[in-house]
Amino acid sequence: MRTSLKTFAGIAAAGSLMFSLAACSPSNSSSSAPASTASASSSAAAAAPKPLASIPALTGTSTAVKLDASFAKALETLKLTPGVIGTAALTDGSLIFPITGGKVDYYDPSKDYRPYVQGLISHAGSGFSLTSGDTKVDLTNFTIDPGTSKLYGDVAVNGTTAAKQAYIFNLDGSTLKPLAKAGDTAILEGTRVLISDTAAGLLNKTFKTDAVKADMLVGIAKITVNTK
C-alpha cells in the first residue's frame, strides 16, 4: 500500500474512499463491459499522476444489498421468486456477495485527472436468481467499476448464457454515509442500487412483461473491504 491506513481513512472520509459513488453520472445503456480498462488506457496516455491512496489487491470482504420493500413487492407482483447462487447468501433481507478480488486507486479529486477513482471490485462465484414458472434468470460474477459507478454481471437464462458482464445495476451514492471503520475493515453504506435500462429490457423480454423499469430501486448497499 502506498500510503498509511490512517492517511487512507482520512482521504476516504473526505472523498468517499474508493468508490466515487456520491457523484454518479448518467450511464450509457450500450455499455456491456467494465469501462476501467479503457478509461485507464486513455488516462495513461495523459501521464497518470501518482495515486493518493491505493489498495493493489482487494481480499474481501463483501457487498451486501438490503432489499427495499418496494422491490420485494414488485417481485411478488411479477410472481418472481428470488434465490441465491454459489457463495452468495440471503440473510435478514440482505443479499450478500463475497468480494473475491480487484484493486482500487484513488487520485486527488481537486486535480483534472478523471476518473479520480479507478479499479475493479470482483465477486466471482456468487449471484442471485429470479424464477417464474419454467423460466430462471441467473445473475452472477458481479464486477463493480468504481470509476463509472456501474455494476456488471453474467446473465444466463435456463442455464444458457445470455450475456457476459452486462451492465446490470447503477450505483447512486448520493445517499452515501460517511466512512466507518471496524478493526481492519472499512465500511461504506448507503449507496442506492438501481436497475439499469439494459437489465430492465432483458428481464422484461425474458419474463414477457413491461413492469420492470429502469432505475427501479433494488436496495441499499453496504460495502465492506479489508484495508490490509
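Below, each value reflects all heavy atoms present in this structure, side chains not excepted, and no hydrogens, waters or symmetry copies. Each residue takes its place number in the sequence, starting with 1.
- Under the 30°/60° scheme for interplanar angles, the aromatic rings of Phe97 and Phe128 are found to be tilted.
- The backbone N or O of Leu194 sits nowhere less than 3.5 Å from a side-chain atom of Asn170 that would complete a donor-acceptor pair.
- With rounding to the nearest 0.5 Å, the separation of CD in Glu189 from OG1 in Thr224 is 8.0 Å.
- Side chain of Ser196 to main chain of Ile168: a donor-acceptor pair is present (N/O by atom type, distance under 3.5 Å, no hydrogens or angles).
- Each of Asp184, Thr61, Thr59, Thr185 was compared with Asn226 under the side chain to side chain donor-acceptor pair (under 3.5 Å) criterion, and only Thr59 meets it.
- Distance alone, capped at 3.5 Å, is enough to place a donor-acceptor pair between the Asn158 side chain and the Lys136 backbone.
- Separation of atoms CG (Leu217) and CG (Asp68) is listed at 4.0 Å; rounding is to 0.5 Å.
- Interatomic distance, CD of Gln118 versus OG1 of Thr148, reported as 10.5 Å (0.5 Å rounding).
- At least one side-chain heavy atom of Phe207 sits under 4.5 Å from a side-chain heavy atom of Leu80.
- For the pair Ile220/Thr191, no side-chain contact is recorded, criterion being any heavy-atom separation below 4.5 Å from C-beta on.
- Side-chain contact check for Phe169 versus Ile144: every heavy-atom pair is 4.5 Å or farther apart.
- How far OH of Tyr116 is from OH of Tyr106: 5.5 Å, rounded to the nearest 0.5 Å.
- Looking at heavy atoms from C-beta onward, Val218 lies in side-chain contact with Leu67 at the 4.5 angstrom threshold.
- Summarising the geometry, atom OG1 belonging to Thr143 is positioned 13.5 Å from atom NZ belonging to Lys150; distances are rounded to the nearest 0.5 Å.
- The CG atom of Leu58 sits 10.0 Å away from atom NZ of Lys103, with the distance rounded to the nearest 0.5 Å.
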